[in-house]
Engineer: 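I'd like to ask some things about the structure below.
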Amino acid sequence: SLVAVASPVSAQGLTLRVRTEAEVKMENRNASSSERREDVKNKLEERRENMQERKASSTERRIELQQSIAKRLANHAKEMFTAMIERLEKLADRVQSRVEKVKASGGNTTESERFLAQARVHLTEARTSLATFLSVDLTAEKLMENFTRVRSAGQTVKMHLKEAHTDLISATRSLKVNGRATTTTE
């Protein structure tokens, strides 16, 4: 069997060696814990950056969605206003035809002609307001500012269309021949 004899020198060397091994282990632990702290800090920073990127991309998607909604609504309003202007112009042409018939039969059409002229002026103004409505840019830089401009231009078009409609109704009502309404078909 093997018997180990320890001398004071070898015991001190063993103690030093044990201490140095313990110190190395402690240093490794400290180094590994500081590395772990750095890793955790890096991971947190990456998460923050990812959150900011996702937040920015969701903001961009929201802005794009708002723009597409605004453009779709503006396009729908344009189609509706254009159709309404065309219908009122056809109605004005029919009222004009009726005015000419009443005038040919000797009726008084001055009031009807005045209302018809006002209606045509309102229809012209509605067309110019519609052009202003269509010229507004709905991009992200000035979306809210331009959307208020679109809304006010749309209200102007709507007001002119209502006035034209009212004038056409008044022109139709004022058409009379000797006190009788002229709604006969020939």
Side-chain angles (χ1 to χ4, degrees), residues 47-186:
R47 283 183 183 173
R48 285 184 187 134
E49 289 175 3
N50 287 339
M51 288 295 288
Q52 288 175 348
E53 288 175 9
R54 279 190 280 165
K55 191 183 246 186
S57 67
S58 67
T59 302
E60 290 172 4
R61 283 194 307 261
R62 181 181 50 82
I63 289 172
E64 289 174 4
L65 180 65
Q66 287 175 342
Q67 284 179 342
S68 69
I69 290 171
K71 287 179 182 178
R72 190 173 63 230
L73 289 174
N75 189 36
H76 178 69
K78 174 197 75 138
E79 291 173 3
M80 297 301 290
F81 286 145
T82 303
M84 188 176 270
I85 289 171
E86 289 172 358
R87 281 194 304 268
L88 289 176
E89 285 176 343
K90 288 179 184 177
L91 183 61
D93 291 340
R94 289 197 314 256
V95 170
Q96 179 68 37
S97 169
R98 204 177 270 181
V99 164
E100 290 169 0
K101 285 181 186 177
V102 170
K103 198 174 207 178
S105 68
N108 185 5
T109 60
T110 55
E111 190 174 349
S112 294
E113 289 173 346
R114 185 176 55 85
F115 282 126
L116 187 60
Q118 287 176 351
R120 291 200 187 271
V121 167
H122 283 296
L123 288 173
T124 304
E125 290 175 359
R127 279 219 185 263
T128 57
S129 297
L130 183 62
T132 303
F133 175 82
L134 298 175
S135 69
V136 177
D137 186 26
L138 294 174
T139 57
E141 294 86 33
K142 301 177 184 178
L143 182 64
M144 290 308 292
E145 176 186 324
N146 289 345
F147 194 70
T148 56
R149 288 179 53 209
V150 165
R151 182 176 285 150
S152 68
Q155 289 172 347
T156 304
V157 172
K158 193 174 183 180
M159 185 230 11
H160 285 301
L161 290 174
K162 283 183 178 182
E163 289 294 323
H165 183 254
T166 304
D167 288 339
L168 287 173
I169 289 172
S170 298
T172 305
R173 286 184 181 160
S174 68
L175 282 178
K176 296 187 179 191
V177 176
N178 298 332
R180 290 189 346 227
T182 58
T183 57
T184 60
T185 56
E186 294 181 21

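Below, all heavy atoms of this structure are taken into account, side chains as well, without hydrogens, waters or symmetry copies.
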Engineer: For Val157 and Ala126, which heavy atoms make the closest approach, and how far apart are they?
Structural biologist: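 Looks like CG2-O, 3.8 Å.
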Engineer: Could you tell me if the side chain of Thr132 sits less than 4.5 Å from the side chain of Thr128, heavy atoms only?
Structural biologist: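 Thr128 vs Thr132: side chains apart.
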Engineer: Are any non-hydrogen side-chain atoms of Glu125 and Glu163 less than 4.5 angstrom apart?
Structural biologist: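 They are not in side-chain contact.
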Engineer: Gln155 versus Met159: any side-chain heavy-atom pair under 4.5 Å?
Structural biologist: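 Not in contact.
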Engineer: Does atom CE of Met80 have more than 12 heavy-atom neighbours, drawn from other residues, nucleotides or ligands, at distances under 6.0 Å?
Structural biologist: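 Counting neighbours around CE of Met80, 12 or fewer heavy atoms of other residues, nucleotides or ligands fall under 6.0 Å, so no.
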Engineer: Looking only at non-hydrogen atoms, find the nearest pair between Leu88 and Leu123 and report the distance.
Structural biologist: CB-CD2, 3.7 Å
Engineer: For Arg94, which residues count as a side-chain contact (heavy atoms from CB on, under 4.5 Å) partner, sequence neighbours excluded?
Structural biologist: Leu91
Engineer: Would the number of heavy atoms belonging to other residues, nucleotides or ligands and lying under 6.0 Å from CZ of Arg151 be above 12?
Structural biologist: no
Engineer: Which pair of non-hydrogen atoms, one from Leu116 and one from Ala171, has the smallest distance, and what is that distance?
Structural biologist: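 For Leu116 and Ala171, the tightest heavy-atom pair comes out as N-CB, 4.1 Å.
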Engineer: Do Glu113 and Val95 make a side-chain contact, defined as non-hydrogen atoms from C-beta onward lying under 4.5 Å apart?
Structural biologist: no
Engineer: For residues Leu161 and Met84, report the shortest heavy-atom separation together with the two atoms involved.
Structural biologist: CD1-SD, 3.4 Å
Engineer: Do Phe115 and Leu168 have side-chain heavy atoms sitting under 4.5 Å apart?
Structural biologist: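 When only atoms from C-beta onward are counted, Leu168 and Phe115 do not touch, as no gap falls below 4.5 Å.
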Engineer: Got a sec, which pairs hit side chain to side chain donor-acceptor pair (under 3.5 Å) with one end in residues 72-89, sequence neighbours left out?
Structural biologist: Glu89-Arg127
Engineer: Mark yes or no for whether Thr166, through its side chain, and Lys162, through its backbone, hold a donor-acceptor pair below 3.5 Å.
Structural biologist: yes
Engineer: Any idea which heavy atoms bring Ala74 and Phe133 closest together, and the distance?
Structural biologist: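 Ala74 and Phe133 have their closest heavy atoms at O-CE2, 3.5 Å.
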Engineer: Relative to the ring of His122, is the ring of His160 parallel (under 30°), tilted (30 to 60°) or perpendicular (over 60°)?
Structural biologist: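 If you compare the ring of His160 with that of His122, the planes turn out tilted.
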